[in-house]
Every structure is written in structure tokens, then in C-alpha cells.
Number of protein chains: 2
Amino acid sequence: MDRRRTENNEEALAQGRPTLKTLAFMTGLGVTTVSRALKDAPEIGAETRRRVQLVAKQIGYRPNRAGVRLRTGRTNVISLVLNTEREIMSFVSDIIYGVSEVIADTPYHLIVTPYSRSQDPLDPIRYLVETGSADGVIISRTQPNDPRARYMLEHGIPFATHGRTDMGLVHPYHDFDNYAFAVEAVRRLAGIGRRRLALLSPPVGLTYHSHTVNGFADALSEVGASEIPFNTVSIDHTIEQIRSRTAQVMRREDRPDGFVSSAAAATLAIVAGIEDAGLKLGRDVDVVSKQSSDLLHLFRTELLVVNENFRLAGSELARSVLGWIGGAAPGTLQSLSVPSEVLAYRRSLD
Amino acid sequence: MDRRRTENNEEALAQGRPTLKTLAFMTGLGVTTVSRALKDAPEIGAETRRRVQLVAKQIGYRPNRAGVRLRTGRTNVISLVLNTEREIMSFVSDIIYGVSEVIADTPYHLIVTPYSRSQDPLDPIRYLVETGSADGVIISRTQPNDPRARYMLEHGIPFATHGRTDMGLVHPYHDFDNYAFAVEAVRRLAGIGRRRLALLSPPVGLTYHSHTVNGFADALSEVGASEIPFNTVSIDHTIEQIRSRTAQVMRREDRPDGFVSSAAAATLAIVAGIEDAGLKLGRDVDVVSKQSSDLLHLFRTELLVVNENFRLAGSELARSVLGWIGGAAPGTLQSLSVPSEVLAYRRSLD
DNA sequence: TTGGCAATCTGTAACGTTTCAGTATATTGA
DNA sequence: TCAATATACTGAAACGTTACAGATTGCCAA
């Protein structure tokens with residue numbers, strides 16, 4: 001160890017937060033060697049490697065994110081892109097917690113990138129890509145022909161979509177099988193004698209709208225039930241809109257005797273509308289609803305529910321993005337969540 | 001412009017993303033000048049300043065976050081620290097959206113830093129401070145003597161708490177006036193003839209537990225009603241625990257004829273418990289509940305509610321943190337949200 | 001002995017930014 | 001006219017990291 005190095009780095013010990021320089025001084029090695037020793041590079045002696053790593057742990061060395069990011073371009077950031085007006089409430093927290101679980105023991109941070117109704121959904125994606133603010137992106141409200149997915153594929157940034165696309169392009173996704181949900185829901189309603197069914201679907205334009213609608217239609221013809229059109233509202237509408245539209249349709253002669261609802265909050269509105277029309281849930285009409293937290297049975301015990309686990313979705317999406325970043329083939333990072341069976345609380349499963 | 005500079009920076013134009021160097025080359029100025037021109041430094045000529053800013057806008061220059069962060073230590077990041085198990089659902093999304101609104105037109109990013117039941121709540125705070133990962137922090141589940149607030153004050157990192165502390169230390173906060181909530185709730189119940197009241201409180205240990213309990217107690221003596229002890233459960237307990245405990249207490253001789261509930265989800269459980277005991281809401285017992293989204297009246301129209309706006313809380317918290325970062329005095333960045341009056345849906349306000 | 005080679009380690013440069021300590025030019029006061 | 005000063009700009013260094021292109025050592029084959 002020559003005199004010059006000692007002098008130059010004397011101050012390294014005085015610093016608040018340890019850097020590679022600090023470690024280099026303490027171990028008597030060069031900064032380069034320390035850097036490589038910490039990441040288990042093969043050309044560093046086994047003994048040296050262990051010594052460096054020990055000292056690093058001892059003094060609580062943590063790589064400076066800005067340094068790494070500046071040098072390598074890697075941000076160690078995953079961005080979750082959310083619509084601040086339209087996303088379902090519990091959806092958001094559950095997804096976040098799911099993502100958090102997975103990235104907890106990685107160097108990744110989770111940033112939330114919001115966009116509002118007024119904005120082009122592509123805006124936040126462009127921002128992320130242009131500023132290189134994230135290594136991976138998670139988006140929801142996925143469309144069959146999704147410009148965001150296309151854009152990210154073109155720009156080579158790893159991402160995962162919550163929901164599938166239908167563009168002939170392959171990318172990681174996690175989706176709930178909404179086709180199966182609709183099919184099971186209709187079968188169940190038919191099983192308890194319901195014949196005239198209405199569907200409160202996801203908003204038109206999102207991929208899972210057509211999945212749901214297709215499952216609903218296919219199951220209708222399978223069981224020989226008929227559809228009461230209910231497509232002037234979707235789960236994106238307000239509680240009040242859904243409620244009054246439900247009341248309206250329930251006052252008609254050919255009112256539905258069964259509902260399939262794609263969201264729990266919307267189900268509250270449907271039930272309110274049913275009761276506004278002076279009808280009774282479980283007697284005049286049955287409702288099968290998705291829910292993400294186990295609360296609907298407290299609301300009305302007559303409700304039939306199917307659980308959707310958003311926390312799982314968050315975890316799967318995070319795993320997919322990290323996988324892609326890590327070099328896995330995008331096609332291997334796709335998963336589909338199978339709906340739970342239709343659950344009843346008052347009525348026994350028949 | 002000498003020959004050397006031209007040669008050195010020729011490549012600046014070939015780059016993907018523009019940097020100060022790119023701008024310097026395009027304008028024929030030095031990097032330093034460009035940097036200062038962009039931040040309206042006084043020693044740059046007005047004409048030059050405008051020219052640089054124009055070109056910067058034209059080519060879509062965005063400062064490299066890693067560069068800034070490495071040089072200045074400023075991260076342009078606000079961290080929202082969340083408990084992944086105990087936080088109330090809608091709370092999380094609303095807070096996030098509230099924060100997002102405020103930081104939308106700032107350079108700040110929002111990162112979510114989770115911690116789990118098993119962890120010391122101080123862990124994520126230590127991590128943030130030690131790694132310098134954020135310029136400001138927002139925490140919730142605030143305690144009267146909060147080690148996290150103390151730690152951050154000691155380490156000089158700006159933060160805001162959702163809920164107040166009681167340590168004689170001054171820091172920014174936003175809080176909902178839970179004392180006033182409890183008082184109004186009790187007065188309302190007393191106003192409709194309820195005399196034996198039970199409180200489902202926030203978990204012991206959090207500051208707003210005592211606020212709520214104090215308001216409840218003070219109002220009880222004010223209206224001359226009595227308390228039916230209900231403190232073996234809190235809103236942190238599971239739906240099932242609250243439900244069965246409610247059913248249990250409702251089967252007793254001296255059962256409560258009124259409930260004050262500090263959370264909407266818990267209220268569902270209370271009502272279920274009441275009905276489990278064969279009693280009827282609005283006839284045998286009334287319930288006043290806080291809610292953050294306007295859904296409880298769909299659940300049971302007899303419920304009395306007080307609205308708490310978490311989105312507002314998020315905005316206020318973000319404003320506070322940014323204010324502190326910007327140099328404002330912490331004492332001026334405190335706000336208290338006044339509860340809405342107790343709202344009824346079936347019964348008219350008397 | 002020499003050349004070659006593997007095994008370890010090292011200094012320098014660069015990522016993009018801001019700060020420090022200037023330098024050149026024009027302007028002012030006497 | 002000269003010095004002093006204000007105005008407008010500049011290069012170099014530094015933040016912490018990693019990649020590149022060596023450098024040193026010891027060992028072995030020829």
C-alpha cells in the first residue's frame with residue numbers, strides 16, 4: 001500500500017455513508033477490486049472476496065443508487081402505472097402489496113406513476129421510457145390492441161400487463177380468467193332456475209370486457225337462457241348511474257331474474273337498484289358478483305360470489321417483469337388465474 | 001467557438017437522449033452556462049437564457065435524475081411508508097392519488113415503501129434515511145410517542161405524519177379530527193334516544209385511538225349516556241372477530257343501543273353481529289360509522305355516517321412534505337380535517 | 001534462462017450534473 | 001487614459017459506480 005493512496009483516502013473514513021472508496025481503504029484494495037469482489041466476479045481471489053464482503057456487511061455498505069444508475073443506466077425501479085380515476089379501490093392496495101412482497105428482497109423500488117382521465121394513457125409510458133425512469137413497467141386496464149404495450153415492445157423496455165392483449169405480439173401478462181368467471185356465473189344462475197340474465201360488464205375497450213361478454217354469451221346458449229341487455233352501463237359508471245339503471249330495468253315487464261356483476265362496488269349498486277324497484281334479492285332475482293375482499297356476504301347473504309385475488313395478481317406481475325428484466329423469454333412469463341367456484345353463504349352449494 | 005470543443009462534442013448530437021452537453025453543443029455555449037441558464041440563474045444574459053430554454057424545450061431536454069442525484073444528493077423522491085397488512089384498503093389508493101395530484105407537476109416521484117407485521121416499523125425509515133433514498137417521507141399509523149418521527153427529526157429528513165404525535169416535538173401532520181367525530185357521533189346517537197353506547201375504536205397505541213376514546217368519553221358525560229365496554233376488539237381485528245364479539249355483546253342483558261365505529265369495513269362486521277343476535281339496526285340499535293367512500297348507505301340505509309376524505313389527506317400530506325423540503329417552517333405545515341356532520345339516509349336530520 | 005500464461009489486482013475514464021474558481025469583455029469613474 | 005468593476009461566460013473537479021485496458025506476480029514448459 002503506497003503512501004499516496006493512504007493519503008488520498010484517509011478522508012474516506014470520515015465520511016458519513018460508506019462507499020467503495022471507504023471499503024477500498026479499509027481493505028487496502030483498489031476500488032475496482034472491491035466493486036468486483038462484491039459482485040462475486042471470478043477473477044477475484046476467494047479469500048479476498050470473502051474478506052471484502054465481510055467488511056462490507058460489517059460497516060453496512062449499500063451501493064449508491066445514483067452512482068449505479070448513472071454508470072449503468074439501471075434504475076432498479078419498477079413502475080406501476082395507474083389511472084387515478086378509474087381504478088378499482090381495493091385493487092390498488094392489493095396490487096401494490098403483491099408487488100411489494102415480490103420485490104421486498106431485491107434492490108428494486110416501486111414507484112407509482114399516475115395518469116388522469118384527461119391524459120392519453122400513453123403519456124406516462126412515454127415519460128418513463130424517454131426519461132429512463134424505470135427498468136420495468138406494470139400496466140393495467142389493458143386493451144386488445146394496446147398502444148402502450150406496442151410502444152414498450154418497440155422501445156425494448158420490459159413490462160407486464162394486467163390483462164391480456166390481442167395483437168399477435170407476445171409479452172408477459174397476468175390475467176384473471178373472466179371468460180371462465182362469466183361461464184360459471186351463468187351456469188350457477190341457470191342452476192337455480194334463472195333464465196333471463198343481465199351482465200354488468202367491464203368497460204368496453206378493455207380486453208376483459210370481451211372475455212366476460214363472450215363467456216356470458218357462450219354460457220347463455222349452453223344453458224339455454226336469454227340475455228336482458230344491460231350494456232348502457234359498465235363497472236366504470238358511478239354507483240348512482242348503475243343503481244338507477246338497474247332500478248329502471250327491474251321495473252320492466254321482461255326484467256332479468258339474474259345478474260352477473262364484474263365488480264363488488266357495482267354489485268352494491270345493483271342490489272340497491274333491485275330493492276329500489278321493490279324486488280327482493282334471492283327471491284325475485286339472484287346476483288353473482290366478483291369480489292376481491294370477502295365482504296359482500298356481509299352486505300346481503302343472498303349474494304353469490306367469485307373471488308379475485310389482486311394481491312396474487314400483483315405478485316405475478318412483479319415476478320413477470322423481474323423475469324423479463326432478468327433475461328427470461330417473455331412468452332414464459334404469462335399466467336392466468338382460475339376463478340374460485342361460485343360461493344354462496346345462505347344457500348348451500350347444490 | 002474553438003475547434004477542440006466542436007470536435008469533442010460532435011458526438012453529442014448522435015446521442016439518444018439529450019444532455020447538457022447536447023444543449024451546449026447546439027447553442028455554442030459551455031455546459032455550465034446551459035445548466036445555469038436552465039435554472040434562471042441571474043448571471044446569465046436574458047437573451048441567452050431564453051435561447052437555451054427554447055432549445056431545451058424544442059428537443060425535449062429532461063435533466064438526468066441520476067446525474068442530479070449523484071451530484072446534489074437530492075433524489076426528487078417522496079416515499080409513502082405503508083404497513084402491508086394493517087392499512088385500510090381504500091385508504092391506500094386514496095392517499096396515493098391525493099399525493100399524486102400534488103406532485104404531478106413537480107419533478108417528484110412517489111415510491112411506496114412497505115413493511116410487514118413482523119418488522120419493526122422503524123426499519124423502513126432507517127433504510128430510507130441510511131440509503132438517502134428519499135427527500136421526504138410520509139408515514140401513517142402515527143403514535144403519541146412515535147419513534148419514527150423522532151428518528152426522522154434527529155436525522156433531519158423532512159416528513160409528514162398522517163395523524164398527530166404527542167411528544168412535544170413539532171413536525172408537519174395532517175389529521176382527521178377524530179375527537180370531533182366521536183363527539184358528534186355520540187351526540188347524534190343521544191339525540192335519537194340512545195343511552196348505552198359502545199365504541200369500536202382504532203387500535204390502542206395509535207394517537208387517534210385516544211382522540212377517539214376521549215371524544216367518546218367526553219360526549220358521553222355531556223349527554224349523560226353510559227358506555228358499554230367494547231374494547232376487546234379494534235378496527236385492526238378481523239371482520240370475523242368483530243362480528244362474533246358484537247354478536248356476543250348484543251346477546252347480553254345490558255346490550256348497547258348504539259355503536260360508534262371508526263371504520264367502514266368494521267361497520268359491516270358490527271351490523272352482521274347485530275343481526276346474528278337477532279336484533280334490528282335502526283330499531284334495537286343505531287350505528288354511526290366513519291366511511292371514506294360513499295357506500296355504507298347502500299349496505300344498510302339505517303346507518304349513520306361521517307365521511308373522511310383520504311384523498312384530501314394525501315394531498316395535504318404531500319403539500320406538507322414538499323413545503324418542508326422547500327424550507328417552510330414545520331409548524332406551519334399542520335392541518336386538521338373537520339368531520340362532515342353525521343349523515344343519515346333513511347331518517348331525516350332532526 | 002526465457003517466454004508464455006494464468007491468476008489477481010489496479011488506475012483511468014466515463015455516465016450527467018452542479019459548484020468552484022476563475023477568465024474575458026465591456027463599462028464605469030477619475 | 002487607466003484601473004476598477006460589473007457582466008457574461010467557462011473549464012475542471014467531484015458525486016459513486018462500473019468497464020476497459022492494463023500491470024504485477026508466480027509458475028511452468030521449452
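Lettering follows sequence order; numbering is per chain, from 1.
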Phosphate OP1/OP2 of D:dT18 contacted by A:Ser35 side-chain N/O (<4.0 Å): yes
Nearest whole angstrom, please: distance from the P of D:dT7 to the CD of B:Glu47. 18 Å
Looking at D:dA19, does its base get a donor-acceptor pair with the side chain of A:Thr72 below 3.5 Å? no
Could you state the CG-C1' distance from B:Asn76 to C:dT17, rounded to the nearest angstrom? 12 Å
Establish, from distance only, whether the side-chain atoms of A:Thr84 and B:Ser100 form a donor-acceptor pair under 3.5 Å. no
Compare every heavy atom of A:Gly314 with every heavy atom of A:Val99, then report the nearest pair and how far apart it is. CG2-O, 3.5 Å
Output the rounded distance in Å from CD (B:Glu43) to C1' (C:dA24). 16 Å
Any B:Lys21 side-chain N or O less than 4.0 Å from OP1/OP2 of C:dG16: no
Could you work out which one of C:dG11, C:dG16, D:dC9 sits closest to the side chain of A:Thr32? C:dG11
Interatomic distance where CZ belongs to A:Phe25 and C1' belongs to C:dT10 [whole Å]: 18 Å
Without decimals, in angstroms, what is the distance between B:Arg51 CZ and D:dC9 C1'? 12 Å
Closest nucleotide among C:dT18, C:dC9, D:dC15 to the B:Val31 side chain: C:dT18
Sugar-phosphate only, base, or nothing, as touched by A:Leu20 at under 4.0 Å among non-hydrogen atoms: base
Closest-nucleotide mapping onto DNA chain C: is B:Arg74 or A:Ala46 further toward the 5' terminus? I mean the 5' end. A:Ala46
What closest approach, in Å, do A:Leu317 and A:His162 show between heavy atoms, and which atom pair accounts for it? CD1-CB, 3.7 Å
Strictly below 4.0 Å: does B:Thr48 bring a side-chain N or O up to OP1 or OP2 of D:dC9? yes
Test side-chain contact (heavy atoms from CB on, under 4.5 Å), reference B:Ile325, set B:Asn76, B:Thr106, B:Ile78, output is B:Ile78
Taking for each residue the nucleotide of DNA chain D bearing the nearest heavy atom, is the 5' side occupied by B:Pro42 or by A:Arg62? B:Pro42
Single hit among A:Thr33, A:Leu38, A:Val31 for side-chain contact (heavy atoms from CB on, under 4.5 Å) with A:Leu23: A:Leu38
Could you state the CZ-P distance from B:Arg65 to C:dT17, rounded to the nearest angstrom? 13 Å
Residue A:Arg71, side-chain heavy atoms: nucleotide from C:dT17, D:dC9, D:dT17 that is nearest: D:dT17
Integer-rounded Å distance: D:dC15 P and A:Arg17 CZ: 14 Å
Between CG of A:Leu38 and P of D:dG16 the distance, given in whole Å, is 15 Å
From D:dT17, D:dG16, C:dT12, pick the nucleotide closest to the side chain of A:Leu70? D:dG16
